[in-house]
Amino acid sequence: MSIYDTLNEQQKLGVTTTEGPVLILAGAGSGKTRVLTHRTAYLIEEKGINPYHIMAITFTNKAAGEMRERIDAMVGYGSESIWVSTFHSTCVRILRRHIDRIGYDTNFTIYDADDSKSVMKEICKRLNIDTKIYKERSLLAAISSAKDELIAPDDFALKAAGDFGKRRQAEVYREYQNVLKKNNALDFDDLIVKTVELLRNDAEVLAYYQERFRYIVVDEYQDTNTAQFELIRLLAGKYKNLCVVGDDDQSIYKFRGANIYNILNFEKHFPDAVTIKLEQNYRSTQNILDAANGVIANNVGRKRKSLWTANDRGEQIDFEQFDTAYDEADFVARDIQSGIRNGKFGYGDYAVLYRTNAQSRLFEERFITSNIPYKIVGGVNFYARKEVKDLLAYLKTIDNARDDLAVRRIINVPKRGIGATTLNRVSDYAEDYGISFYDALKQADEIPSLGKAAAKIRPFVTFIQTMRSKLPYLGVSELLREVIEETGYVKELEAEDTEEAQVRIENIDEFISKAVSYEENEEQPSLGGFLEEVALVADIDGLEEGNEYVVLMTLHSAKGLEFPKVYLAGMEDGLFPSYMSIVSDNATEELEEERRLAYVGITRAKKELAITCARQRMIRGETQYNKVSRFVKEIPAELLSGEIRKPSYGESREQKLPVRPKRPAVSRQPSGQSMQAKAFASARTVGGSLDYGVGDRVSHVKFGNGTVTGIVEGGRDFEVTVAFDTAGTKKMFASFAKLKKI
DNA sequence: TTAAGTTAAGTTTTT
DNA sequence: CTTAACTTAA
């Protein structure tokens, strides 16, 4: 009896076929993570491979973290020397050691999409590019897809020869790379591209890593792009023990450069490859699986695969069409409440999935009024928020002022009376003397054109220098606190006294706790290390299991996750599939990608699935009238139940709101939850007490101001009764009500 | 020259 | 409905 006996035959094959290239086609819910972890254990325990020689690559930090955890639990000693990380962090790790061999400094900074856009704006201005015709966004997109395909600026120019527009793009591409190089910065795509460049150009480095990574596993292989493929090919070039796991039916990142032929042609790239299919689904009910199969069957050009399950038929799929998107959100909220009430599910069993981030708002609003704890994944990444980016820019500047972008970002935040004109003069000076922007600031007094503006710059430079000298004594989180204190950043927000400012302050608090926990978890914390860790996190990474809240996210974010009950919202032609894909030049192809997305969505559900849509919906202030999504029609009709709701004008919306849920769950506060959720669901219970009492005036994000008339302690939380001035009397749980004393 | 106030334009999906 | 670019007042 061994741990491998619990696997089915195909899974076992995936575990024990360790030598040579292996393609595992893993249908949704077929237990591929189990195969990967068991395979790793097998390599170490049965084959006696040193963990040092094993590498696993995933797309998200969350996936990497999960795999790491499960491998650790299974392998025990030595598992920490396995590289388990994302493509991007793997590359950063390699580049930090060796990028000097291709002419960069090893303390390079990483630019996010925002930073890239700022660079692009400047370039367009400098090259006199009419951004009405060539939009920054599309220029960046062109550059990004070139990088995905490993096309360097020179190659791009070569290929562009005949086409004026393309030649212009080539020019911009070249300039963009120059600016990044000058700033010692890499963008996301560069992380991969430069690693490939390094491995291609430096035989010594390549040999080192080839020798090290004798066994390589790649998860979500269907989403790799050409550059990532080349990276893997190079690394696995010597031993060729490459195991890739993926599902062509779940390829949903074409827009990000994913090359579906990486998986479809794997056997061509590696002629002696073994292909293993995992076709038994352990996740979903028969009905859910049938629905998914019914939809995906409409795609041509996929690897033949027939997913089956030994699970029960389960409930029918609940399909509901509503009059408006409000009614849709209302239904989902009520349905969740009723599931909770009769003990069928907990909040953490639910997920609401949608095509676009904008759809989250209606659900969010509705969940607040219903006291449903929730968490939104995605939207604006935590580290991409203004306030967080501002503080990060301070930290970057203190750490290493070579990043002009960061310096420029904060030089006038808070307002120091330094405007665009002054900045331009400084950067002209920097340009003339070939020094960095920050160095030019240091010499502000010597820049004649500045005049009295130089006096405004001096305190800023002094501040940065002072902080820099304090860094060794303070550590990251204390430094951050000091920056906030000295700049008055939070004070300024407090003075604003708006809901928005409040959210920002909470984000800043959260940012501080991230810094604290970084210092606690890291053996040798450093400012540079912190900045690096923060540069590569995605929003999905913060999602924790076992927490009691409903999760809201896009279908893209949902890949790789599963939930007992899933709502697929906004299933309307024009929304999903998106209008863009329907009218596209290659609509067939794009619709297939959308269909795969639908397939991903449906297969997230374990027990129950509800599909909802609305007849009319406000999109960017305009009302749209949409038909039921074509994907719904591809689901065999006998699998569907539910009804199509007729407009109900007689019923007032007020009546529909269940103001007092009968048995609201006592909530545990998840740590590290996303900021949207935190903003609305944050526990005001500090150390088991509230900062308001009976008789106090409080404000609520939705109901406005009111007076507290009662507080009842129950379990871990407080049930607070508030008489609102305009919204009547409500009972709510303190941790979700976000009541603010006024 | 800066900063506040006003008007115009734009939205898929993201490491 | 929200964010970015433009205009005007200080």
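As a basis for the values below, the full set of heavy atoms in this structure was taken, side chains included, without hydrogen atoms, waters or symmetry mates. Proteins get letters first, then strands, A, B, ... in listed order; numbering begins at 1 in each.
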TODO: Applying side chain to side chain donor-acceptor pair (under 3.5 Å) between A/Tyr111 and each of A/Asp190, A/Asp403, A/Asp187, report the one that passes.
DONE: A/Asp403

Atom pairs under 3.5 Å, N or O on each side, protein against nucleotides 3-7 of chain B: can you list them with distances?
from, atom 1, to, atom 2, distance (Å)
B/dA3, OP2, A/Asn412, ND2, 3.3

Open item on the list: Is the positively charged end of A/Lys514 above the ring of A/Phe382, judged by distance under 6.0 angstrom from the centroid and angle within 45° of the axis?
Closed with: yes

Open item on the list: Could you work out, with side chain to side chain donor-acceptor pair (under 3.5 Å) as the rule, every residue matching A/Glu149, not counting sequence neighbours?
Closed with: A/Thr226

Task: Non-neighbouring partners of A/Glu230 that pass side chain to side chain donor-acceptor pair (under 3.5 Å), sequence neighbours left out - done: A/Arg200, A/Arg233

Open item on the list: Once side chain to side chain contact (heavy atoms under 4.5 Å, CB included) is applied, do any residues pair with A/Lys389, and if so which ones, sequence neighbours excluded?
Closed with: A/Asp112, A/Asp114, A/Asp115, A/Arg409

TODO: Output all residues satisfying side chain to side chain contact (heavy atoms under 4.5 Å, CB included) with A/Asp445, sequence neighbours left out; order by chain, then residue number.
DONE: A/Ala454, A/Arg458

Could you tell me how far apart [X] ([atom1]) and [N] ([atom2]) are, to the nearest whole angstrom?
{"X": "A/Ile619", "N": "B/dG10", "atom1": "CD1", "atom2": "C1'", "answer": "14 Å"}
{"X": "A/Glu594", "N": "B/dT13", "atom1": "CD", "atom2": "C1'", "answer": "8 Å"}
{"X": "A/Lys135", "N": "B/dA8", "atom1": "NZ", "atom2": "P", "answer": "18 Å"}
{"X": "A/Lys147", "N": "B/dT15", "atom1": "NZ", "atom2": "P", "answer": "18 Å"}
{"X": "A/Glu592", "N": "B/dT12", "atom1": "CD", "atom2": "P", "answer": "22 Å"}

Task: Under the 3.5 Å Watson-Crick or G-U criterion, the dot-bracket string of DNA chain C, with | for inter-strand pairs - done: ||||||||||

Heavy atoms under 4.0 Å, any strand shown: does [X] hit a base, just sugar-phosphate, or nothing?
{"X": "A/Ser581", "result": "nothing"}
{"X": "A/Arg596", "result": "nothing"}
{"X": "A/Tyr253", "result": "sugar-phosphate"}

Open item on the list: Any donor-acceptor pair, under 3.5 Å, between the side chain of A/Arg256 and the base of B/dT15, if you only look at N and O atoms?
Closed with: no

Open item on the list: So, under a plain 3.5 Å distance rule, would you say the side chain of A/His556 forms a donor-acceptor pair with the base of B/dT14?
Closed with: no

Open item on the list: Please compare A/Glu590 and A/Asp189 by the position of their nearest nucleotide in DNA chain B and report the one closer to 5'.
Closed with: A/Glu590

TODO: Would you please classify the geometry between the A/His88 ring and the A/Phe188 ring as parallel, tilted or perpendicular, with 30° and 60° separating the classes?
DONE: perpendicular

- [ ] Provide the closest heavy-atom pair for A/Ser251 versus A/Asp223 in the form atom of the first, atom of the second, distance.
- [x] CA-OD1, 3.8 Å

Task: Pairs flagged by side chain to side chain donor-acceptor pair (under 3.5 Å) wherever residues 412-424 of chain A is involved - sequence neighbours left out - done: A/Tyr394-A/Arg416

- [ ] Run the salt-bridge test on A/Lys125 and A/Glu122 with the 4.0 Å N-O cut-off and return the result as yes or no.
- [x] no

- [ ] Check whether the aromatic ring of A/Phe255 stacks on the base of B/dT13, taking stacking as ring centres less than 5.5 Å apart and planes within 30° of each other.
- [x] yes

TODO: Could you work out the separation of C/dA4 and B/dT13 based on their C1' atoms and round it to a whole Å?
DONE: 23 Å

Please list, for nucleotides 4-6 of chain C, all pairs of protein and nucleotide N/O atoms separated by less than 3.5 Å.
from, atom 1, to, atom 2, distance (Å)
C/dA5, OP2, A/Lys121, NZ, 3.2

Open item on the list: Quick test of your reading: applying salt bridge (Lys or Arg N to Asp or Glu O under 4.0 Å), list the pairs with at least one residue in residues 252-263 of chain A, sequence neighbours left out, ordered by first then second residue.
Closed with: A/Lys254-A/Glu589

Open item on the list: Can you list everything that forms a ring pair (Phe, Tyr, Trp, His ring centres under 6.0 Å) with A/Phe255? Sequence neighbours excluded, please.
Closed with: A/Tyr253, A/His556

Open item on the list: My understanding is that only residues two or more places apart in sequence, or in another chain, count here; which of them pass ring pair (Phe, Tyr, Trp, His ring centres under 6.0 Å) with A/Tyr354?
Closed with: none

Anything under 3.5 Å between a protein N or O and an N or O of nucleotides 8-10 of chain C, put it in a table, one pair a line.
none

